[in-house]
Number of protein chains: 2
Amino acid sequence: MDDVDRILAQWQVARPDLDVWAMGPLGRLGRVSSALARRMEQTFARHGLNAAGFDVLATLRRTPPHALTAGELMAAMMITSGTVTNRIDQLAKAGLVERQGDETDGRRVVIRLTDEGQALIERAIVDHVATQTELLAGLDAEELAGLDAALRKLMAGLETGA
Amino acid sequence: MDDVDRILAQWQVARPDLDVWAMGPLGRLGRVSSALARRMEQTFARHGLNAAGFDVLATLRRTPPHALTAGELMAAMMITSGTVTNRIDQLAKAGLVERQGDETDGRRVVIRLTDEGQALIERAIVDHVATQTELLAGLDAEELAGLDAALRKLMAGLETGA
DNA sequence: TGGATATATCTTGATGTCAAGATAATGATG
DNA sequence: CATCATTATCTTGACATCAAGATATATCCA
């Protein structure tokens, strides 16, 4: 009997005509997701980053050729162009990335890690991976497989706009 | 091979020294959670609400005695006092809730649904439950059980600050 | 060549949230 | 009864985000 179960029990009393079973998994999913995000933010904070900044640096680091346009970052991070601009501005001000204009196409500007940004993400990703591993440490192999299988199926169903 | 698998494959090339397996379930969890939230927002929008407003109305509706203080709403919704104030202001302006001062304790103000707010949440909750049910319709009983079991365990481990 | 269209990025204004502190009423203590 | 601490709510300032539109450059084709 957790918080979500209590909410379901309240609905059972308040609106017995409704079958609110789906609220259980979905409520837990949302709560777990926020709690996990908050935990990961703490790791980023130890490196002077927030999740947004980490996301940019990690995307640049893992994606060949380690230099992406704002549009590519936008697609990779699934955010709007305005948010990309803002994130890059912040990181550029901190000296972690730099904008580099393309000589043959004046519209094109590639974003690349500075040496400092590269050094930071190399350290931060190690810490982040350790945090993530620990966050899932409480689940055994079977539970993990069950979780991932369901999430894969949900993700597949959602991204097609179904 | 979904988007998250591709990210893992990129890390495998970029940093073969790291074991990033945990990024799979956690990445999918975050993406699924945002996608589901966006889908539910659409339901709320059909009733002129956003998730924040729905949350307040639904909390008031399901919780006896259907009138809570700002502090109680704050605890139930796990948000800060400033956010509670803002949400109530919005809903009060829309005529869906009202503040009612306590006569014996000047600090205490209870928030209650207006008739209009009550009527709205009765309709919206039906629609919301239908949306939630549909969002999970792609999972069979076994998948659902596996998902919920893992989420319960994660939630239990997280809320104790572990 | 010139003008319409497409592409890429940035700007603006609004929103929802939080952290920290301000305000106000009550209760406890000497 | 005066003061201090407690409780409850609201205010302020900052931030990340988005949607919509502005700006700038490039490409197509008549």
Side-chain angles (χ1 to χ4, degrees), chain A residues 30-31 33-35 37-42 44-45 48-57 59-60 67-94 96-112, chain B residues 30-31 33-35 37-42 44-45 48-57 59-60 67-94 96-112:
Chain A
R31 283 162 184 247
S33 183
S34 331
R38 233 167 316 160
R39 210 59 81 77
M40 293 187 279
E41 284 270 6
Q42 294 173 6
F44 304 145
L49 294 169
N50 57 15
F54 177 87
D55 199 8
V56 174
L57 299 184
T59 301
L60 290 171
L68 299 174
T69 65
E72 288 163 344
L73 283 170
M74 180 177 151
M77 300 190 292
M78 301 188 292
I79 56 181
T80 62
S81 62
T83 302
V84 169
T85 299
N86 184 43
R87 290 188 182 187
I88 295 170
D89 285 350
Q90 306 294 318
L91 293 170
K93 199 170 352 180
L96 300 173
V97 304
E98 59 190 2
R99 288 183 168 93
Q100 192 171 40
D102 187 306
E103 290 170 356
T104 72
D105 186 340
R107 294 168 305 182
R108 184 180 166 88
V109 179
V110 298
I111 319 300
R112 66 172 62 258
Chain B
R31 283 163 184 248
S33 183
S34 329
R38 233 166 315 154
R39 210 59 80 78
M40 292 187 280
E41 285 270 7
Q42 294 171 8
F44 304 144
L49 293 170
N50 58 15
F54 177 88
D55 198 9
V56 174
L57 299 185
T59 301
L60 289 171
L68 300 174
T69 66
E72 288 163 343
L73 282 170
M74 180 177 150
M77 300 190 291
M78 301 189 293
I79 55 181
T80 62
S81 63
T83 301
V84 169
T85 298
N86 184 43
R87 289 188 183 186
I88 295 169
D89 286 348
Q90 304 296 317
L91 293 171
K93 198 168 356 177
L96 301 172
V97 304
E98 60 191 0
R99 289 183 167 93
Q100 190 170 42
D102 187 305
E103 290 169 359
T104 72
D105 186 340
R107 294 167 303 182
R108 185 179 166 89
V109 179
V110 298
I111 320 300
R112 67 171 61 259

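Both backbone and side-chain heavy atoms feed into the values below; hydrogens, waters and symmetry mates do not. Every chain is numbered from 1 and lettered A, B, ... according to where its sequence line falls, protein lines coming before strand lines.
Among the nucleotides C:dC10, D:dT9, D:dC10, the one closest to any side-chain atom of B:Thr69 is D:dT9. Across D:dC18, D:dA16, C:dC10, the shortest atom-to-atom separation from the side chain of A:Asn86 is found for D:dA16.
Applying the 4.0 Å criterion to OP1 and OP2 of C:dC10, one finds that A:Ser81 has every side-chain N and O outside that range. One finds a side-chain N or O of A:Thr80 lying less than 4.0 angstrom from the OP1 or OP2 phosphate oxygen of D:dC18. The side chain of A:Thr85 contributes an N or O atom lying less than 4.0 Å from OP1 or OP2 of C:dC10. Side-chain nitrogen and oxygen atoms of B:Asn50 include at least one within less than 4.0 Å of the OP1 or OP2 phosphate oxygen of C:dG16. For B:Arg99, no side-chain nitrogen or oxygen approaches OP1 or OP2 of D:dT9 to under 4.0 Å.
Atom CD1 of B:Ile88 is separated from atom C1' of D:dC10 by 10 Å (rounded to the nearest Å). Rounding to whole angstrom units, CG of residue A:Asp89 and C1' of C:dC10 are separated by 9 Å. Rounded to whole Å, atom P of C:dG16 lies 19 Å from atom CE of B:Met74.
The backbone N or O of B:Thr69 lies less than 3.5 Å from a partner atom in the side chain of B:Glu72, making a donor-acceptor pair.
Side-chain contact check for A:Leu49 versus A:Leu96: some heavy-atom pair is nearer than 4.5 Å.
Here B:Gly82 lies in heavy-atom contact (under 4.0 Å) with a base.
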